[in-house]
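Take a look at the structure set out below.
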Amino acid sequence: MYFNSLQTLRGFFALMIFFHHFNFKQNEGGMFDAGGDFGVAFFFILSGFVLSKSFLPTISLNLKRANYINFIIKRLSKIYPLHIICLLFAIILKFSISIFDCANLFLLQAWIPIKNWYFSGNAVGWCLSDFLFFYAIFPYVGHLYTKFKQKFINYFCIVTIIYIFLIPLVPENFEDGIIYINPLSRCLDFMFGMVLWGIYNSIKEKNIVISFIDVLFITALSLSIWYLYPNKYNLSLLWWPSVSLIMLYSITSNNKLLSFKPFVKFGNVSFSFYLIHVLAKNYLDIIFNKFNLTFMNPYFRLIIFLIITIIAAFIIHRYFVLPMEKFIRVALNNKNSRQVQKQQIPKINEA
């Protein structure tokens with residue numbers, strides 16, 4: 001089961017994060033401040049949803065040591081090679097390497113609630129540290145969810161409520177690092193995605209269709225609250241209703257626009273676009289400054305940056321990400337085949 005509409009949403013939310021990071025002048029906020037929070041919540045929830053769709057039916061098999069390691073390596077094959085390249089370009093950009101980059105190299109940066117650590121290297125790469133944690137716990141959490149579904153949901157709700165009451169106790173200097181960045185906090189988004197997969201199966205059986213008006217109303221309400229509420233970190237779970245309705249609408253409504261092939265193709269490269277967009281902007285800023293192009297209309301500059309970043313994302317995805325993923329998976333499959341053959345040789349000799 002493959003949802004083209006979810007691929008389109010990947011591209012849409014990646015653009016939201018792009019506009020969150022794009023500012024016309026230094027020390028200004030982004031064009032769409034809420035896009036960062038909204039987009040990150042979407043990708044974490046989507047991760048739990050998609051992994052549940054793909055692996056929950058056979059999740060018990062991934063608990064075996066060899067299968068578990070294979071599962072982690074296959075997931076990392078999609079993200080880690082490009083992460084290393086982006087880290088290298090980030091180091092070149094600042095002409096120095098530091099101990100902070102070491103944590104970034106091993107995807108540990110999100111565990112340290114200090115800005116120099118979690119925004120080290122390619123700053124947007126902090127989310128990969130969270131994804132690695134999600135991948136590590138998924139086979140075990142997914143097994144519990146499959147075996148004790150109702151109890152899992154009950155405990156999940158209890159933990160979420162406790163978390164909401166604990167949020168105000170976090171020191172102000174660590175709000176970003178603990179609430180927004182830390183994998184333990186963000187795994188709630190991931191597990192909500194797993195629960196959302198169960199909700200989708202329920203409404204599919206009952207032929208319930210989410211209307212566009214519902215999506216529009218809840219999303220507008222979420223955005224209004226985010227912009228009006230003084231302490232945004234107390235609203236870390238604000239995006240759950242809007243993200244869930246958007247996702248459920250996209251896969252139950254048969255909206256042809258969400259399956260439009262160019263949108264789906266951009267969604268396919270959205271990870272590459274996300275991971276390079278800040279680096280691309282920084283390098284392009286240097287080029288524009290070097291050639292005295294800063295006089296250019298900021299909106300025209302935005303369009304140029306966006307087009308160049310999209311083209312670069314397609315090239316990187318086609319000629320680096322996919323080949324590296326294939327290379328790693330083929331090498332892993334060959335290794336597994338050799339191990340199986342070694343295990344069979346004693347049996348043949350005994351016979």
Side-chain angles (χ1 to χ4, degrees), residues 1 3 6 9-10 39-80 83 106-113 118 126-167 177-204 236-241 243-244 247-248 251 271 332:
M1 190 188 301
F3 298 119
L6 290 182
L9 290 183
R10 286 180 190 270
V40 168
F42 166 79
F43 282 109
F44 287 164
I45 293 170
L46 180 67
S47 180
F49 184 90
V50 171
L51 284 179
S52 298
K53 175 180 74 71
S54 302
F55 295 102
L56 280 187
T58 57
I59 194 66
S60 59
L61 298 177
N62 290 318
L63 295 177
K64 296 179 180 179
R65 183 175 181 275
N67 290 342
Y68 177 77
I69 294 173
N70 290 344
F71 173 80
I72 299 297
I73 292 175
K74 286 181 179 180
R75 304 282 74 71
L76 287 178
S77 69
K78 294 175 175 289
I79 64 175
Y80 194 71
H83 165 66
F106 296 105
L107 296 180
L108 298 173
Q109 67 271 38
W111 292 97
I112 307 170
Y118 58 73
W126 68 265
C127 71
L128 304 186
S129 185
D130 290 45
F131 280 124
L132 176 58
F133 178 65
F134 301 160
Y135 298 155
I137 66 173
F138 176 73
Y140 300 98
V141 174
H143 179 69
L144 292 175
Y145 177 73
T146 303
K147 194 172 182 180
F148 309 104
K149 185 175 181 180
Q150 191 56 54
K151 286 185 178 179
F152 181 95
I153 294 174
N154 293 340
Y155 282 117
F156 172 75
C157 292
I158 292 170
V159 170
T160 301
I161 293 170
I162 293 173
Y163 173 73
I164 291 171
F165 281 102
L166 290 177
I167 286 175
I178 292 177
I179 300 172
Y180 185 68
I181 301 289
N182 191 275
L184 285 176
S185 295
R186 299 319 298 254
C187 75
L188 290 177
D189 298 277
F190 175 76
M191 286 190 280
F192 177 71
M194 295 173 60
V195 174
L196 186 61
W197 169 247
I199 294 173
Y200 164 71
N201 286 322
S202 297
I203 68 172
K204 183 176 66 172
S236 62
L237 310 181
L238 169 68
W239 307 110
W240 286 12
V243 168
S244 58
M247 288 177 57
L248 292 175
I251 56 182
F271 169 73
L332 183 64

**OP:** Output, in order, the C-alpha distance, side-chain angles, deciding distance and verdict of side chain to side chain contact (heavy atoms under 4.5 Å, CB included) for Phe49 and Val243.
**Re:** CA-CA 12 Å; Phe49 184 90; Val243 168; over 6 Å; no

**OP:** List the steps and the verdict of side chain to side chain contact (heavy atoms under 4.5 Å, CB included) for Leu9 and Leu6.
**Re:** CA-CA 5 Å; Leu9 290 183; Leu6 290 182; 4.0 Å; yes

**OP:** Start with the C-alpha gap between Tyr200 and Met247, add the side-chain angles, then the distance that decides, and say whether side chain to side chain contact (heavy atoms under 4.5 Å, CB included) holds.
**Re:** CA-CA 9 Å; Tyr200 164 71; Met247 288 177 57; over 6 Å; no

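Between Tyr80 and His83, the distance from one ring center to the other falls under 6.0 angstrom. With ring centers used as reference points, Phe71 lies under 6.0 Å from Phe55. Under the 6.0 Å cut-off for aromatic ring centres, Tyr68 and Tyr140 qualify, their centroids lying closer than that. Ring to ring, Phe192 and Trp239 are not that close: their centroids are 6.0 angstrom or more apart.
Between Lys53 and Phe3, the closest side-chain pair of non-hydrogen atoms falls below 4.5 Å. Leu248 places a side-chain heavy atom less than 4.5 Å from the side chain of Leu196.
For the atom pair CG of Leu56 and CH2 of Trp197, the computed distance is 8.5 Å after rounding to the nearest 0.5 Å. The OH atom of Tyr135 sits 8.5 Å away from the CZ atom of Phe190 when rounded to the nearest 0.5 Å. In this structure, the separation between CD1 on Ile162 and CD1 on Ile167 is 12.5 Å, given to the nearest 0.5 Å. Taking CD1 from Ile158 and CD1 from Ile153, the interatomic distance works out to 12.5 Å, rounded to the nearest 0.5 Å. Remark: Asp130 CG to Leu184 CG distance equals 9.5 Å, nearest 0.5 Å. Considering CD1 of Ile79 and CG of Leu128, their distance stands at 5.0 Å, rounded to 0.5 Å.
In terms of heavy-atom proximity, Met194 sits nearest to Ser52 at CG-OG, 3.2 Å. Here the closest heavy-atom approach between residue Val195 and residue Phe156 is recorded as CG2-CD2, 4.2 Å. The shortest heavy-atom contact between Leu51 and Phe138 is O-CZ, 3.4 Å. Contact record, Pro183 with Ala110: CD-O, 3.5 Å, taken as the closest heavy-atom pair. Of all heavy-atom pairs between Phe134 and Cys187, the closest is CE2-CA, 3.4 Å.
The main-chain N or O of Pro241 is found under 3.5 Å from a side-chain atom of Ser244 such that the two form a donor-acceptor pair. Not one N or O on the side chain of Ser47 forms a donor-acceptor pair closer than 3.5 Å with the backbone of Phe43. No side-chain donor-acceptor contact under 3.5 Å links Ser185 to the backbone of Ile181.
Applying the side-chain hydrogen bond (donor to acceptor under 3.5 Å, both in side chains) test to every pair with at least one member in residues 151-166, sequence neighbours left out, gives these pairs: Gln150-Asn154.
Partners of Arg186 under the salt bridge (Lys or Arg N to Asp or Glu O under 4.0 Å) rule, at least two apart in sequence or in another chain, are Asp189.
For the ring-ring contact (aromatic ring centres under 6.0 Å, His included) criterion with Trp126, the lone passing option out of Tyr118, Tyr180, Phe133, Trp111 is Tyr180.
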